[in-house]
Asker: 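Quick one: structure below, then a few questions.
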Amino acid sequence: MARILVVDDSPTEIKAFSAMLENNGHEVITAENGADGVAKARQEKPDVVLMDIVMPGLNGFQATRQLTKDDETKNIPVIIVTTKDQETDRVWGKRQGAVGYLVKPVTEATLLSEIDSVMAG
């Protein structure tokens, strides 16, 4: 299965996503902010990144832009997973290079379907 990096400043969200993913055979790597997420993506080379937007320091839009512009990480698909449900946020997320955009709360079925979709290309 996939190695998935979950970047979120909420321990509750990290725990929930980790449980969903691990229950379906995925390996989970976590980071608690955008800067750590970028560093872990470079180090671990996950198959997919799940990126929150609202985080202290480097936010999810900035971290996504760094990952998708960096030669080392530009081929790792980023799915934004956030509470921000405005069309402008979706457009901006895609402009930063995200390939998917999910709004919390996310069901297990929706999350797994989106991961399968981006991994299939």
Side-chain angles (χ1 to χ4, degrees):
M1 295 309 278
R3 294 178 74 229
I4 300 172
L5 172 59
V6 178
V7 185
D8 200 307
D9 62 330
S10 163
T12 305
E13 293 288 350
I14 285 179
K15 189 178 262 186
F17 287 130
S18 295
M20 282 185 215
L21 297 167
E22 288 169 352
N23 288 342
N24 286 279
H26 296 292
E27 180 184 340
V28 177
I29 306 157
T30 63
E32 294 174 6
N33 60 57
D36 285 351
V38 170
K40 286 222 176 145
R42 287 185 178 132
Q43 179 186 344
E44 300 283 344
K45 303 290 191 290
D47 298 308
V48 177
V49 175
L50 300 180
M51 182 73 71
D52 186 25
I53 295 299
V54 182
M55 296 183 285
L58 194 70
N59 72 36
F61 289 135
Q62 295 164 320
T64 297
R65 185 169 53 245
Q66 284 189 18
L67 290 175
T68 58
K69 302 288 184 251
D70 185 322
D71 284 342
E72 272 189 70
T73 55
K74 68 182 179 188
N75 294 322
I76 302 170
V78 177
I79 300 170
I80 290 175
V81 187
T82 182
T83 55
K84 293 173 77 64
D85 193 14
Q86 299 297 312
E87 186 59 29
T88 53
D89 296 318
R90 291 175 189 276
V91 169
W92 190 243
K94 300 276 184 170
R95 281 200 182 149
Q96 306 318 302
V99 296
Y101 195 103
L102 297 173
V103 177
K104 296 175 187 174
V106 178
T107 66
E108 187 169 324
T110 301
L111 182 65
L112 296 171
S113 171
E114 186 73 8
I115 289 168
D116 288 345
S117 172
V118 302
M119 286 185 58

Asker: Count I, L, V, M, F, W, Y as connected when their side-chain heavy atoms are under 4.5 Å apart, and connections chain through other members. Are M119 and M1 then in the same cluster?
Answerer: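 No.
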Asker: Using modelled atom types only, decide if a donor and an acceptor are shared between the side chain of T64 and the backbone of G60 within a distance under 3.5 Å.
Answerer: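 At least one qualifying donor-acceptor pair exists.
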Asker: Is any side-chain heavy atom of M51 less than 4.5 Å from a side-chain heavy atom of V81?
Answerer: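 A side-chain contact is absent here, since even the closest heavy-atom pair is not under 4.5 Å.
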Asker: Heavy atoms, side chains only, cut-off 4.5 Å: are M55 and V7 in contact?
Answerer: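 Sidechains of V7 and M55: in contact.
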Asker: Indicate yes or no: at least one non-hydrogen side-chain atom of D52 is less than 4.5 angstrom from one of S10.
Answerer: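 No; the side chains remain at least 4.5 Å from each other.
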Asker: Given T30 and F17, is the side-chain contact (heavy atoms from CB on, under 4.5 Å) satisfied, shown in steps?
Answerer: CA-CA 10 Å; T30 63; F17 287 130; over 6 Å; no
Asker: Please examine the side chains of K45 and E72, heavy atoms only from C-beta on, and report whether any two atoms are closer than 4.5 Å.
Answerer: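 They are in side-chain contact.
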Asker: I'd like to know if the side chain of N33 reaches the main chain of P56, judged simply by a donor and an acceptor atom lying under 3.5 Å from each other, with no hydrogens or angles considered.
Answerer: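 Side chain of N33 to backbone of P56, a donor-acceptor pair under 3.5 Å: no, none is there.
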Asker: Would you call K104 and D85 a salt bridge, taking side-chain N to carboxylate O under 4.0 Å as the test?
Answerer: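 Salt bridge absent between K104 and D85.
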Asker: Could D70 and R65 be called an ion pair, given the rule that one side-chain N must be under 4.0 Å from one carboxylate O?
Answerer: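 Salt bridge between D70 and R65, a charged N being under 4.0 Å from a carboxylate O: no.
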Asker: In this structure, would L58 and F61 fall into the same cluster of hydrophobic residues linked by side-chain contacts under 4.5 Å?
Answerer: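 No; tracing contacts between hydrophobic side chains, which count when under 4.5 Å, never links both residues.
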Asker: Between K74 and L67, is any pair of side-chain heavy atoms under 4.5 Å apart?
Answerer: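 The answer is no, as the side chains (C-beta and beyond) never meet within the 4.5 Å cut-off.
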Asker: Evaluate the criterion side-chain contact (heavy atoms from CB on, under 4.5 Å) for residue pair V99 and T68; output intermediate values, then yes/no.
Answerer: CA-CA 10 Å; V99 296; T68 58; over 6 Å; no
Asker: Decide whether V38 and L5 are clustered together by the hydrophobic rule: side chain heavy atoms of Ile, Leu, Val, Met, Phe, Trp, Tyr closer than 4.5 Å, transitively.
Answerer: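 Yes, V38 connects to L5 through the hydrophobic network.
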Asker: Within the side chain of E13, is there an N or O that forms a donor-acceptor pair under 3.5 Å with the backbone of D9?
Answerer: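 Judged by distance alone, no pair lies under 3.5 Å.
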Asker: Kindly give the heavy-atom pair with the smallest separation between I29 and P46, and that separation in Å.
Answerer: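 That would be CD1-CB, 4.4 Å.
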Asker: Only one of V106, D8, I53 passes side chain to side chain contact (heavy atoms under 4.5 Å, CB included) with T82; say which it is.
Answerer: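 With T82 as partner, V106, D8, I53 yield a single side chain to side chain contact (heavy atoms under 4.5 Å, CB included), made by I53.
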Asker: Mark yes when over 12 heavy atoms from residues, nucleotides or ligands other than E32 sit less than 6.0 Å from its CD; otherwise mark no.
Answerer: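 Open.
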Asker: Just by modelled atom types, is the R3 backbone N or O under 3.5 Å from a matching donor or acceptor in the H26 side chain?
Answerer: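 No: the side chain of H26 does not pair with the backbone of R3.
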Asker: Compare all side-chain heavy atoms of T73 with those of N75 and state whether any distance is below 4.5 angstrom.
Answerer: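 Not in contact.
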Asker: Which heavy atom in V103 sits nearest to a heavy atom in K84, and how many Å separate them?
Answerer: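 Heavy atoms of V103 and K84 come nearest at CG2-O, 4.1 Å.
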Asker: Tell me if the NZ atom of K15 is crowded by more than 12 foreign heavy atoms within 6.0 Å.
Answerer: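 Not more than 12 within 6.0 Å, no.
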Asker: How close do V28 and S18 get, heavy atom to heavy atom, and via which atoms?
Answerer: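 Heavy atoms of V28 and S18 come nearest at CG1-OG, 3.4 Å.
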Asker: Apply side-chain contact (heavy atoms from CB on, under 4.5 Å) to L50 and V78, showing your working.
Answerer: CA-CA 6 Å; L50 300 180; V78 177; over 6 Å; no
Asker: Show your reasoning for whether side chain to side chain donor-acceptor pair (under 3.5 Å) applies to N24 and E108.
Answerer: CA-CA 10 Å; N24 286 279; E108 187 169 324; 2.7 Å; yes
Asker: For residues I79 and L102, determine if any side-chain heavy atom of one lies less than 4.5 Å from a side-chain heavy atom of the other.
Answerer: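 When only atoms from C-beta onward are counted, L102 and I79 do touch, with a gap below 4.5 Å.
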Asker: Distance-only, no hydrogens or angles: does the Q62 side chain make a donor-acceptor pair with backbone N or O of N59 under 3.5 Å?
Answerer: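 Looks like yes, one N/O pair under 3.5 Å.
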Asker: Please write out which residues are connected to V91 in a hydrophobic cluster, directly or through intermediates, given that two of Ile, Leu, Val, Met, Phe, Trp, Tyr count as joined at side-chain heavy-atom separations below 4.5 angstrom.
Answerer: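 V91 clusters with nothing; isolated.
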Asker: Applying the 4.5 Å side-chain criterion to the ILVMFWY set and letting contacts propagate, would I14 and I115 be lumped into a single cluster?
Answerer: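 They do share one cluster, since a chain of ILVMFWY contacts under 4.5 Å joins I14 to I115.
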Asker: Linking I/L/V/M/F/W/Y whenever their side-chain heavy atoms sit closer than 4.5 Å, directly or via other members, would V118 and I4 fall into one cluster?
Answerer: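 As far as the 4.5 Å side-chain criterion goes, I4 and V118 are connected within one cluster.
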Asker: What's the verdict on side chain to side chain donor-acceptor pair (under 3.5 Å) for T107 and T110, showing C-alpha distance, side-chain angles and the deciding distance?
Answerer: CA-CA 5 Å; T107 66; T110 301; 2.7 Å; yes
Asker: Should we say atom CZ of R42 is surrounded by more than 12 heavy atoms from elsewhere, each under 6.0 Å from it?
Answerer: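 Yes, because the 6.0 Å sphere around CZ of R42 holds more than 12 heavy atoms from other groups.
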